[in-house]
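Counting convention: from 1, in listed order, for ligands and their atoms alike.
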Amino acid sequence: MSKDRRSIVVTVDGQSSTGKSSLACALANRLGMNFLGSGSIYRLCAYFMLRGKDLEAIKELLTESLAFKSTQGDMSVWVQGEDLTAKINDAQVTKMASDIAKDVAVRTQLADLQKGFQSGLGLVAEGRDMGTVIFPRATLKLFLTADVAVRAKRRKVQLEQMGLSPDYDQLVMELKARDHQDETRAISPLVPAKDAVFVDTAAHWDENLEQMYQQVLMVLPKQVMPKEVVQIFDQVRQDSMRYAQLGNVSDYERWWKGCSEASSKKFQGEIIGASWLCPIYVRDFIPDPINAHLSILQNTSAVEQAMLSVFIATKPSYERLFYVAALCGQYAVLSNRLLALQDIVG
Ligand SMILES: Nc1ncnc2c1ncn2[C@@H]1O[C@H](COP(=O)(O)OP(=O)(O)O)[C@@H](O)[C@H]1O
Ligand SMILES: Nc1ccn([C@H]2C[C@H](O)[C@@H](COP(=O)(O)OP(=O)(O)O)O2)c(=O)n1
């Protein structure tokens with residue numbers, strides 16, 4: 001399948017409470033991309049319908065004033081400056097969202113709104129039909145799964161944090177009923193895309209959430225980068241680790257120069273700066289002082305622990321953006337810090 005090269009699109013589909021929003025939000029933050037929570041759009045639609053608004057008016061309202069805001073990893077949903085997150089998560093709205101999602105008119109109206117989120121450097125979109133219907137040519141499609149008991153536990157905690165008081169058994173029943181309805185509807189049912197990568201999020205229940213994100217980040221660049229670039233990157237990473245362990249600055253510098261030359265050659269002189277940082281460098285060491293982008297690194301306390309490679313190209317191209325995205329992802333993996341893609345390329 002030929003992939004859409006206009007910008008990177010990562011889709012995250014799956015059943016309720018598999019962790020789609022959490023994962024999509026974390027990926028969007030780290031890669032400096034837009035976030036689309038399509039489930040929230042269906043919830044908002046249900047919420048406003050329950051208050052007597054018609055579909056046209058709802059679409060207009062959401063097109064004008066819907067905003068997703070991320071605070072400390074949690075995504076909140078705002079319309080006309082009001083945080084509606086808790087309100088659209090109550091049981092009545094939740095059931096109604098799944099009910100109206102069967103309606104062709106609703107899906108058609110909301111499809112354009114969702115496609116409109118694809119702009120800038122890229123998009124991470126979560127929902128039920130992101131990889132199958134809305135963005136069938138997405139760069140990377142993830143399909144999350146998890147046992148219903150795990151999902152109900154998560155949903156209970158999540159709703160309690162929003163000030164709601166759900167019953168566990170009731171939640172299990174509601175999740176099953178909603179999964180069934182979402183999976184069996186005639187239009188845009190919840191099914192994995194043929195080219196989806198499956199991620200079992202229940203397997204990570206006892207692990208740090210962060211680790212799960214990191215694993216997916218590791219998958220992302222490999223999916224979006226050309227194979228030969230992945231190979232170079234892996235080699236660089238291994239070399240960097242080796243030199244870091246040796247702790248020998250002059251060997252490292254020789255290697256670094258070689259890397260710069262090799263990468264300039266590879267990209268036929270289009271790269272104006274290729275800088276490689278390694279854990280052995282202290283924070284105030286700047287290998288390439290004319291490279292202003294490196295100043296970002298001086299403000300990051302985790303630089304010594306992280307190997308970061310930054311390419312700055314004179315002519316940004318998708319290959320290069322993918323590459324930088326990959327490197328940023330890698331940086332996030334290693335340094336456990338957020339670094340938005342636009343900070344590097346923008
Ligand atoms: N891998 C995970 N391990 C533990 N808890 C998770 C995991 N992924 C998500 N959660 C938690 O489960 C709840 C539901 O996650 P969410 O991302 O909203 O799921 P979805 O968007 O699929 O409905 C949230 O409170 C979130 O913090
Ligand atoms: N792309 C989408 C997203 C959600 N829906 C429907 C189906 C879901 O039951 C509701 C609510 O979705 P939401 O992702 O918020 O639900 P969960 O948080 O996963 O429980 O909307 C859809 O039909 N298509």
Side-chain angles (χ1 to χ4, degrees), residues 11-28 35-47 49 68 70 72-77 84-85 88-104 106-108 110-111 113-115 117 124-135 142-148 150-162 164 166 171 174-191 193 199-216:
T11 57
V12 184
D13 288 308
Q15 290 175 326
S16 173
S17 305
T18 43
K20 301 182 297 293
S21 312
S22 314
L23 179 64
C25 173
L27 288 174
F35 167 83
L36 163 63
S38 65
S40 297
I41 291 184
Y42 284 93
R43 285 172 182 275
L44 286 166
C45 191
Y47 172 83
M49 277 181 171
F68 294 105
S70 156
Q72 289 168 352
D74 287 332
M75 185 56 72
S76 52
V77 185
L84 293 178
T85 317
I88 61 168
N89 274 283
D90 76 14
Q92 190 193 17
V93 175
T94 301
K95 162 96 178 53
M96 169 101 169
S98 179
D99 292 344
I100 60 159
K102 289 188 289 189
D103 188 320
V104 180
V106 169
R107 295 205 84 86
T108 313
L110 299 184
L113 177 66
Q114 294 168 53
K115 287 175 188 160
F117 278 75
V124 187
E126 65 87 14
R128 301 292 190 287
D129 62 344
M130 296 296 99
T132 49
V133 176
I134 304 294
F135 303 109
L142 302 174
F143 193 87
L144 309 195
T145 61
D147 182 77
V148 71
V150 172
R151 295 190 282 123
K153 259 197 243 170
R154 288 181 189 168
R155 184 44 56 105
K156 189 169 186 310
V157 173
Q158 187 184 33
L159 293 175
E160 282 167 354
Q161 281 165 354
M162 290 177 191
L164 303 167
L171 274 180
E174 284 169 8
L175 282 178
K176 284 183 178 168
R178 200 146 56 87
D179 290 346
H180 180 72
Q181 174 152 280
D182 294 342
E183 285 161 2
T184 55
R185 67 178 172 233
I187 175 168
S188 307
L190 166 63
V191 284
V199 182
D200 181 353
T201 69
H204 300 275
W205 174 241
D206 291 330
E207 295 171 21
N208 190 311
L209 253 187
E210 190 61 25
Q211 279 174 6
M212 187 186 84
Y213 298 150
Q214 289 173 4
Q215 282 182 14
V216 180

- From R128, K20, K156 - option closest to atom 20 (P) of ligand 1 by heavy atom: K20

- Message: Regarding atom 27 (O) of ligand 1: of the candidates C25, A146, S22, which has the closest heavy atom?
- Response: S22

- Looking only at distance, does D182 have an N or O less than 3.5 Å from an N or O of ligand 2? yes

- Query: Which of the atoms of ligand 2 are close to A101, meaning less than 4.0 Å from one of its heavy atoms?
  - Reply: 6 (C), 23 (O)

- Could you tell me if any non-hydrogen atom of S17 lies under 4.0 Å from any atom of ligand 1? yes

- So is there a nitrogen or oxygen of R178 less than 3.5 Å from a nitrogen or oxygen in ligand 2? yes

- State whether the shortest distance between N or O atoms of E126 and N or O atoms of ligand 2 falls below 3.5 angstrom. no

- Query: Should you measure from each heavy atom of G19, which atoms of ligand 1 turn up under 4.0 Å away?
  - Reply: 8 (N), 9 (C), 15 (O), 16 (P), 17 (O), 19 (O), 20 (P), 22 (O)

- Task: Can you see which heavy atom on C45 is nearest to which on V106, and at what distance?
- Result: SG-CG1, 4.3 Å

- Closest to atom 12 (O) of ligand 1 (heavy atoms only, candidates E126, M75, R154, Q158) is R154

- Message: Applying the side-chain contact (heavy atoms from CB on, under 4.5 Å) criterion to K20, which one of T201, V12, T11 satisfies it?
- Response: V12

- Task: Pull out every atom of ligand 2 sitting under 4.0 Å from any heavy atom of S17, numbered as shown with elements.
- Result: 19 (O)

- Taking only heavy atoms of R155, which atoms of ligand 1 are found under 4.0 Å from at least one of them? 23 (O)

- Message: In terms of relative ring orientation, are F68 and F35 parallel, tilted or perpendicular, with 30° and 60° separating the classes?
- Response: perpendicular

- Query: Any N or O on S16 sitting closer than 3.5 Å to an N or O of ligand 2?
  - Reply: yes

- Message: When you compare ligand 1 with S21, is there at least one nitrogen or oxygen pair between them that comes in under 3.5 angstrom?
- Response: yes

- Query: Is there a heavy atom in V157 that sits closer than 4.0 Å to ligand 1?
  - Reply: no

- Message: Is it the case that ligand 1 has an N or O less than 3.5 angstrom from some N or O of S16?
- Response: no

- Please indicate whether any nitrogen or oxygen in T94 is less than 3.5 Å from any nitrogen or oxygen in ligand 2. no

- E174 with R178: basic N within carboxylate O range, under 4.0 Å: no

